[in-house]
Amino acid sequence: MKRFRRHGQESHRDKLKQELYQFNKTVEHGFPHQPSALGYSPSLQLLAIGTRSGAIKLYGAPGVEFMGLHEENAAVTRVFFLPNQVELVTLLDDNNLHMWTLQAHQGLSELLEIGRFTLTGPPGAPPSVTRITAVLAHSSGELLLLGTEGGHVFVVEVPGFRELEDKNISLEAVQSRAPEGRRNLESVEDLQENPLNPRQVLVGYGRGLMVLWDLDVKCAVQHFMGSQLESVWWMPDGEHILSSHSDGSYCRWMVNGEDTQNEPEKEVPYGEGPVNFDGIKHHDTELFTLVYMSPSIRLGNFPCKAITKIIQLPTTRGPPFLIFSGGMPRASYGDRHCISVISGKTHVALDFTSRIIDFFVIGEGERQKGNPSALVVLVEEELVVVDLQTEGWPIIQTPYLVPLHSSAITCSHHVSGIPLKLWERLQTAGKLQKTHYSSKPWPLIGGKNLSPDPPQRDLLLTGHEDGTVRFWDASGVCLYPMYKLSTASVFQTDADLNDNMNQGLEGEWPPFRKVGCFDPYSDDPRLGIQKIHLCKYSGYLAVAGTAGQILVLELNDESLEQSVEGTLVDLLQGQEGFRWKGHARLEEREESVNFPPGFQPFALIQCQPPAVVTALTLHSEWKLVAFGTSHGFGLFDYQQKNTVLVRCTLNPSDQLAMEGPLSRVKSIKKSLRQSFRRIRRSRVSMRKQHTNNAAKLQEINARMEAEALQEMELAPVQRKIEARSSDDSFTGLVRALYFADSFLSDSTHNTPSLWAGTNGGSIFAYTLRLPPTERRAEEPVTAHPAKEIQLMHRAPVVGLLILDGRGAPLPEPLEVAHDLARSPDMQGSHHLLVVSEEQFKVFTLPKVSSKMKLKLTAVEGSRVRRVSVAWFASSRTEEYGENGLVVLTNLGDLHVLSLPHIKMQVHYPCIRREDISGIASCVFTKHGQGFYLISPSEFERFSLSARWVVAPKCLVEAPHQASTSSGKHHKSRAQPDGVAVGHRGESEDGGKIKKNLSSLK
């Protein structure tokens, strides 16, 4: 009989749900995927990054972040700020310009798109006439100069995006005054403004001609005749120009008013290798200095790649900084991604592991017109900031935009509410790993971070393909790296040799220096971390890998030299007929290893066969660790370092489990056989139906009606579950492991226990006998089989949970001892909650009889992928909160179920169902938040809690308007506010600003 709730009860519960649950995607952590453009505003001190997917992201001081997304699915090719304003303009590869502003609303800034513009040419003109190739944001803040592929320069008024036809620099006007033989100009490669005279702009054409154009007089003032052009830089003194070229050279030009200036002598930084008189190249430093500095010694010529961008900045403390990208010798180092920095006798070629997008330099002082202080480089996989004022030019640690994927992420683990003592010890160990970084503060300090301090300390641990575990401060908006653990040193690999090869040799030419931390290549894929479990109270950590290795580590404040002895665990228990076809296990080092302060391994368990570890849990109070693979599970006492329990779960018919994930041998015979069987069965059934179709039509209709009625009898949000065959592959794979102190033998005596759930719907329970504390080190821990459950439909077990007498989940180990949770209710009856891919089922303990169940959803094909318990605190009062079961399905939907009654509360769409890697990477927190990968380098953070929300709250104020005189007076301008991508030069902000976009809206 159906029961109905009263209207008052329903409305009260709905109101309570609003106070408990609220879904928000809050912030993206990590490095933007596929960056394509870089911009910088010295007046706002904000950095802008555009991506190939059309996203635009702004960053300032830590915690100051903004994100926008273009409606068009087009790559961002240019980002530039309007000088001294809170507006910026983006150019997409569809040739459209978009205007954005940082608009204040209720005390917080928002990034909003407020306009767009498409450059149109005369009727019948080819697309190249309006295809934008170079952009200059004029210092007045009123004009954009747009150079095109057809050689024209269009002048557009902003913010209204109105073309000023009378100010355009047409190709015909330039050609008419160009020197003979130089009138085939090609595209506009670069645009630069005179730092001392805003009326003058320099137009650089692809064929090498550079034209100094007067915007007021509307004519060319001077011509510079160079070779194939890449970029132009107008030096701050206004009297000299640098041009870089496709042959790896650059030239210095004098702005002297002459109508035509021929190309001066080229300088090729890497085109001339020092050679001895016998023609043999030398790397000796002293010899190089002698040879290179002596103009009488002839040098060998090497073809070089283009210098795509070049700048030179003066200093008051010594020689100027010359910085350029590219220019490497084509034959030897043409595949390197380098930016060279030269100041006096100091010369370094910064060698990056991914393609360079763009770079700019930050200067000292409020308007950043002082000495260069930092070089900011955006490469395809990371952002690198170089300290130019400290000897050796060290790297400045980034507080955000850290490349999470410096090695591919293989798993994640979140720990909430870290105790202060553990936090400080991790910070101390992490600082010892960062001594090679600069001590200078982060140079990007724009905006104000108005987010409140995090209510607690949270850690996100990521396991990586190279065997490292990285610890991130996930308490606030910025995901900050705290500490890195490497497990490779425990095993015999080639990692150490490769690390030593990364550094350049002394006296090497070019003088390479590896920078950045992006290194996607793993020395051995078997090192990959698959499971992590950290006990925040004891400081014990367990990590498990691809080749069946499990390490137990302890946090130590001192360095320690020791060898780690391994224990081999045979999960097949000598069963015959199985032959492992996968990878070999990792061999541990026999000699002692010096482990630095931090987490240090003291126990190693090696599963045999060395398959991927699929489940891991640690109980620090009992000093036990449980682990599972596709072959079975085991229990290890890491205090006495011996094996307590081994159970093989392998199905005799499951040969696929013996292949291994890294094996090239794929068992396709079984899948093909099954496919043919299905086809054969379907054909037979169709043939039978056709033989007597008319006679059985009534019977078929009746059966369909009966099935429909049976479906209707189920609850509206439930559906029937199809039974799975026991012959399915990987039925013995262990999916869930769980420690609990509950009632297994009788209802009066609670006992420690271990629970294991498999891919075939089997659940194994073992009672554990732990010796008294005083004899724990001598007497062995024993395990005895207690219960075995087989789910009727053989659905994979995703999670196991025991609820106490109050219906609350049992507390974590040592949580009660630290007064952070109340003791579990051992008076009332306990219940076992089994979460399978198909349903949620509650069993009474100790009898293990079914009490209630909830089938997942009415949507066909939905399966549980992730499940976790979370505490949802009320947003209205601190006194109230509820435990909930958070579930993620293979369709990307999030569900919250009540405990202990297993009733659906809310559900939200979160991840696209096609995003399989995003669903697989999802990890939940204990307070209703979660993380999942939206790209190899970015985590999306979301919240299901109405109270616990971590999101950027920041304010960017418009810079003070500098009063300036008329543009007729020659006046020095400030540092550029707009930066073009790739090899394009930087445009500069200026003194005269007549209009502010916010006042014109």
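Using bins of under 30°, 30° to 60° and over 60° for the plane-to-plane angle, the ring pair Phe939/Phe931 lands in the perpendicular bin. Ring-plane geometry between Tyr932 and Phe942 is classed as tilted, the angle between the planes lying from 30 to 60 degrees on a 0 to 90 degree scale.
In this structure, Glu558 places its CD atom where only 12 or fewer heavy-atom neighbours from other residues, nucleotides or ligands lie under 6.0 Å away. In this structure, Glu779 places its CD atom where more than 12 heavy-atom neighbours from other residues, nucleotides or ligands lie under 6.0 Å away.
The structure places OG of Ser874 at 4.5 Å from CD of Glu19, a figure rounded to the nearest 0.5 Å. Rounded to the nearest 0.5 Å, atoms CD1 (Ile802) and CZ (Phe743) are 10.0 Å apart. Between Arg866 atom CZ and Asn890 atom CG the span is 12.0 Å, to the nearest 0.5 Å. In this structure, the separation between OG1 on Thr889 and NE2 on His895 is 4.5 Å, given to the nearest 0.5 Å. Note that the CD1 atom of Ile409 and the CD1 atom of Ile529 stand 13.0 Å from one another [nearest 0.5 Å]. In this structure, CD in Gln600 is found 10.0 Å from CG in Leu485, a value given to the nearest 0.5 Å.
Remark: side-chain polar atoms of Lys641 are not paired, donor with acceptor, to backbone N or O of Glu565 under 3.5 angstrom. Between the Lys536 side chain and the Ser416 main chain, a donor and an acceptor come within less than 3.5 Å of each other. Thr643 contributes no side-chain N or O that, together with a main-chain N or O of Leu645, makes up a donor-acceptor pair within less than 3.5 Å. Between the side chain of Gln905 and the backbone N or O of Lys903 there is at least one donor-acceptor pair closer than 3.5 Å. Without hydrogens or angle criteria, Lys851 side chain to Leu832 main chain gives no donor-acceptor distance under 3.5 Å. Side chain of Asn24 to main chain of Thr26: no donor-acceptor pair is present (N/O by atom type, distance under 3.5 Å, no hydrogens or angles). Ser762 places no side-chain N or O within donor-acceptor distance of the main-chain N or O of Thr758, the cut-off being under 3.5 Å. Counting only distance, with no hydrogens or angles, the side chain of Ser559 and the backbone of Pro597 share no donor-acceptor pair below 3.5 Å.
A side-chain donor from one of Asp458 and Gln456 sits under 3.5 Å from a side-chain acceptor of the other. No donor-acceptor contact under 3.5 angstrom links the side chains of Thr410 and Glu465, judged on distance only. In this structure, a donor-acceptor pair under 3.5 Å is present between the side chains of Arg941 and His29. Side-chain atoms of Trp442 and Tyr400 form a donor-acceptor pair, as typed in the model, at a separation below 3.5 Å.
Listed by first and then second residue, the side chain to side chain donor-acceptor pair (under 3.5 Å) pairs that reach into residues 815-828 come to none, sequence neighbours excluded. Within the structure, side chain to side chain donor-acceptor pair (under 3.5 Å) pairs that include any residue of residues 840-849 comprise Thr844-Ser849 (at least two apart or interchain).
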*Audit row: Leu814, Ser538, side-chain contact (heavy atoms from CB on, under 4.5 Å) steps and yes/no*: CA-CA 8 Å; Leu814 297 175; Ser538 64; 3.9 Å; yes

*Test side-chain contact (heavy atoms from CB on, under 4.5 Å) applied to Gln640 and Arg776, step by step*: CA-CA 9 Å; Gln640 297 186 18; Arg776 176 65 179 83; 3.6 Å; yes

*Given Asp893 and His907, is the side-chain contact (heavy atoms from CB on, under 4.5 Å) satisfied, shown in steps?*
CA-CA 7 Å; Asp893 296 331; His907 70 274; 5.8 Å; no

*asked:* Pair Leu791, Val834 - check side-chain contact (heavy atoms from CB on, under 4.5 Å), show working.
replied: CA-CA 9 Å; Leu791 298 182; Val834 177; 4.2 Å; yes

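Under a 4.0 Å N-O distance rule, the pair Glu837/Arg865 qualifies as a salt bridge. Comment: Glu838 engages Arg863 in a salt bridge, judged by a side-chain N to carboxylate O separation of less than 4.0 angstrom. Salt-bridge check for Lys623 with Asp637: failed, with every basic side-chain N at 4.0 Å or more from each acidic carboxylate O. By the 4.0 Å N-to-carboxylate-O rule, Glu882 lies too far from Lys17 to be salt-bridged with it.
Closest non-hydrogen pair, Leu618 versus Ala542, comes out as CD1-CB, 3.7 Å. Closest approach of Pro403 and Phe31 over heavy atoms only: CA-CB, 4.2 Å. For the pair Ser620 and Tyr540, the tightest heavy-atom approach, listed with the atom from each and the gap, is CB-CD1, 4.1 Å. Between Pro780 and Pro771 the shortest heavy-atom distance is O-CG, 3.6 Å. Closest approach of Leu810 and Asp741 over heavy atoms only: CD1-O, 3.9 Å. For the pair Gly467 and Thr487, the tightest heavy-atom approach, listed with the atom from each and the gap, is O-OG1, 2.6 Å.
The ring of Phe471 has its center closer than 6.0 angstrom to the ring center of Phe599.
Residues satisfying the side-chain contact (heavy atoms from CB on, under 4.5 Å) criterion with Ala626, sequence neighbours excluded, are Thr617, Leu635, Leu737, Phe739, Leu754. Partners of Ser753 by side chain to side chain donor-acceptor pair (under 3.5 Å), not counting sequence neighbours, listed by chain and number: Trp755. Listed by chain and residue number, His464, Asp466, Arg470, Lys484, Ser486 satisfy the side-chain contact (heavy atoms from CB on, under 4.5 Å) test with Thr468 (two or more places apart in sequence, or in another chain).
Residues Glu812 and His619 have side chains not in contact (no heavy-atom distance under 4.5 Å, counting atoms from C-beta outward). The shortest side-chain heavy-atom distance between Gln397 and Pro481 falls under the 4.5 Å cut-off. Under the 4.5 Å side-chain criterion, counting only non-hydrogen atoms from C-beta, Leu553 is not in contact with Phe595. Residues Leu733 and Thr629 fail the side-chain proximity criterion, which asks for heavy atoms closer than 4.5 Å.
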For residues 946-954, dump all side-chain donor-acceptor pairs below 3.5 Å to protein atoms at least two apart in sequence or in another chain.
none

